[in-house]
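Just the heavy atoms: all of them, side chains too, but no hydrogens, waters or symmetry mates, feed the values below. Since the model is a prediction, treat every value here as computed from it, not as a measurement. To find a chain, count down the sequence lines: A is the first, B the second, and so on, and within it residues start at 1.
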Amino acid sequence: MSKKPRLRFAPSPTGGLHLGGVRTVLYNYLFAKRHGGTFVLRIEDTDQARYVDGAEQYILDCLQWCGLEPDESPFNPGPYGPYRQSERKEKGIYREYADRLVKEGHAYYAFDSPEQLEEMRSRYSTPENPSPQYNHTLRGKMRNSLSLDAEETASLLAGGTPYVIRIRVDPGQEVCLNDMIRGEIRFSTSGLDDKVLLKADGMPTYHLAVVVDDYLMEITHAFRGEEWLPSAPVHVLLWKALFGEQHMPKWAHLPLILKPDGNGKLSKRDGDRLGFPVFALNWTDPKGELTKGFREIGFLPGAFLNMLAMLGWNDGSGQELFTLQELIEKFSMERVHKGGAKFDFEKAKWFNHEWIKWSTADALAPLVKPLFVEKGIAIPEGERFTQVLGLIKERCTLLTDFVQQGAFFFTFPANPDLASIQAKWNEAKQLFFAELIRQYELLPEWEADRLEADFKQMAAAAEIKPGDLLQPLRIMLVGGKYGPGVFAIAAWLGRQETIHRIRHVMGLLRP
RNA sequence: GAUCUGUUCGUCUAAAGGCCAGGACCCGGGACUUUCAAUCCCGGAAUAUGGGUUCGAUUCCCAUACAGAUCACCA
């Protein structure tokens, strides 16, 4: 790489950050870091109608949670600011380039009202061509500085008639785009339309803004979703007209993330319908409707990123578990897929489970603690708590599972599952546990192996299969048929609590 | 409808002309065991179709089929 790469993520602050968006961030970030480059966050807030308060902070929170923090952003500006397009517009940046395009004949003024545009679309719409475009064939029939004479245009302009600036695309030329993932893609300009570049409110559209800002911010590589491919030739045309193609960033259009069932882009609705999140973090829309995020349902950020990275990329070795650091070291655009990938929530959970197993109890503790607190469960400080996490982490797929799996350590089992032992409960067992309590009370040391050894010895003496006694003991200590080894549990609970729990359930059972 | 992009087990994918198409998720079975997990073993399942090119095609070419994206003063 000749110079330090500069990459950007350029979301519009309109709502929750989607899985696909996070993956776009990730690939941009990985590539930047892989090559010692810079990762910038630029806010594309040019659509004031869709702007949502708080969405910008939300995006930053997502990046922070993921650990994909930008080197330059509206919150920590670098030398290429401002980093919000609305602020850039205030400085007249886009206007200047739009005017230049008009002056040089690459763009023109269009005075058509929304009604007139609608009228045009319905008038020229046919079964063969359901979406007529504002292009070289139709622009002569519309009200613009190409169809009107200069005098009329000037008076319209002087009279304050609302107008937009549209790119002038001449037919019959070929635009070639060299995509890092897909190779050479050719478009004929005949199929392109005269896209609006500058809106009537003076704001640029995405097309103008992305080109101008990528140039001004010296972006070297631009990775974005595949849905942008159809408008890529317009951007190439703009680059040629404004700054020269040789300065254009290298493009890559990332494959789409598809819905698990059927086909098509994964949407928030699919998540609601199928019962999984599609946003990174909880998102509350302006109407107050909450959409769950991966963080809140109990994902580790590392697992989330790991899963996303593998949706469309692999290093060819068969390795599936990667830390962010490893991804940075191994990531390469050459190995990014062309085809879209269906999102599989089961596999996503598998990644998280692996990450939890792999995490230390100490690392998990601060993440899990609030979950217990939330449920009103008082937890001990320090080692006592992490010991429990160590005991149960391998059976937790989501962080939230820890509460379910671990609550009985800290709270007395209120409703023990008597049904599963009552049927086989008898005098002999009653006697056994009474004796067990006596024995345990006298035990010099309270430690799992010793507890187990004594238990088995006594079972043998009583001529009852240990298995028939362990089930009741588990219900007594845990309350249900789950959890780690019973003697490890007893050891952790301590003598007093263990005996208390045994006694309590014995009182509930009738031989 | 037009333009563009895709297509290997149900899903994510490996094999960048050449060992029985490999791994993972998932599902089924077994082992272990003290429940549930974890772990280990075994099994299930794929190159969309048709033509070429080649001694040999998952891989290269063409056609067909299917799927997707886009077609706003939204990004």
May I ask you to evaluate whether [X] reaches the phosphate of [N], defined as a side-chain N or O under 4.0 Å from OP1 or OP2?
X	N	value
K393(A)	A37(B)	no
S131(A)	U70(B)	no
N314(A)	A14(B)	yes
R166(A)	C73(B)	yes
K338(A)	C4(B)	no
R335(A)	A15(B)	yes
K199(A)	C74(B)	yes
H353(A)	C26(B)	no

Which part of the nucleic acid, if any, lies within contact of [X], taking any heavy atom under 4.0 Å across all strands shown: a base, the sugar-phosphate backbone alone, or nothing?
X	value
E394(A)	base
H337(A)	sugar-phosphate
F487(A)	base

Nearest listed nucleotide, side chain of [X], among [options]:
X	options	answer
E128(A)	U11(B), G1(B), U35(B)	G1(B)
K342(A)	U11(B), C74(B), U35(B)	U11(B)
E452(A)	C4(B), A24(B), U34(B)	U34(B)
N263(A)	C74(B), A67(B), A38(B)	A67(B)

What do you reckon, is [atom1] of [X] surrounded by more than 12 foreign heavy atoms closer than 6.0 Å?
X	atom1	value
E87(A)	CD	yes
K338(A)	NZ	no
Q404(A)	CD	no

Inset, instruction - Sort out the partner of C25(B) for me: Watson-Crick or G-U wobble, both distances under 3.5 Å, none otherwise. - result: G10(B)

Inset, instruction - Go ahead and name the base partner of A63(B); Watson-Crick or wobble counts if both distances stay under 3.5 Å, otherwise write none. - result: U49(B)

Legend entry - Partners passing ring pair (Phe, Tyr, Trp, His ring centres under 6.0 Å) against Y482(A) (at least two apart in sequence or in another chain):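 By the ring pair (Phe, Tyr, Trp, His ring centres under 6.0 Å) rule, Y482(A) matches F408(A).
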
Inset, instruction - Apply ring pair (Phe, Tyr, Trp, His ring centres under 6.0 Å) to F331(A) and list each qualifying residue two or more places apart in sequence or on a separate chain. - result: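 For F331(A), the residues satisfying ring pair (Phe, Tyr, Trp, His ring centres under 6.0 Å) (neighbours in sequence not counted) are Y27(A), W313(A).
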
Inset, instruction - Flag the pair K424(A) and D468(A) as a salt bridge only when some basic side-chain nitrogen lies within less than 4.0 angstrom of an acidic carboxylate oxygen. - result: no

Expressed as a whole number of angstroms, how long is the span from [X]:[atom1] to [N]:[atom2]?
X	N	atom1	atom2	value
N306(A)	C25(B)	CG	C1'	13 Å
M310(A)	C25(B)	CE	C1'	12 Å
L256(A)	U5(B)	CG	P	15 Å
W350(A)	G23(B)	CH2	C1'	10 Å

Inset, instruction - Can you sort out which residues in residues 189-198 of chain A have a heavy atom within less than 4.0 Å of RNA chain B? Ascending by number, please. - result: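 Contacts with RNA chain B under 4.0 Å: V196(A).
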
Legend entry - Main-chain N/O of T397(A) paired to N352(A) side chain as donor or acceptor, under 3.5 Å: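 Yes, the answer is positive, given that a donor and an acceptor are paired below the 3.5 Å cut-off.
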
Inset, instruction - Spell out, as yes or no, whether a donor-acceptor pair under 3.5 Å connects the side chain of R88(A) to the backbone of I93(A). - result: no

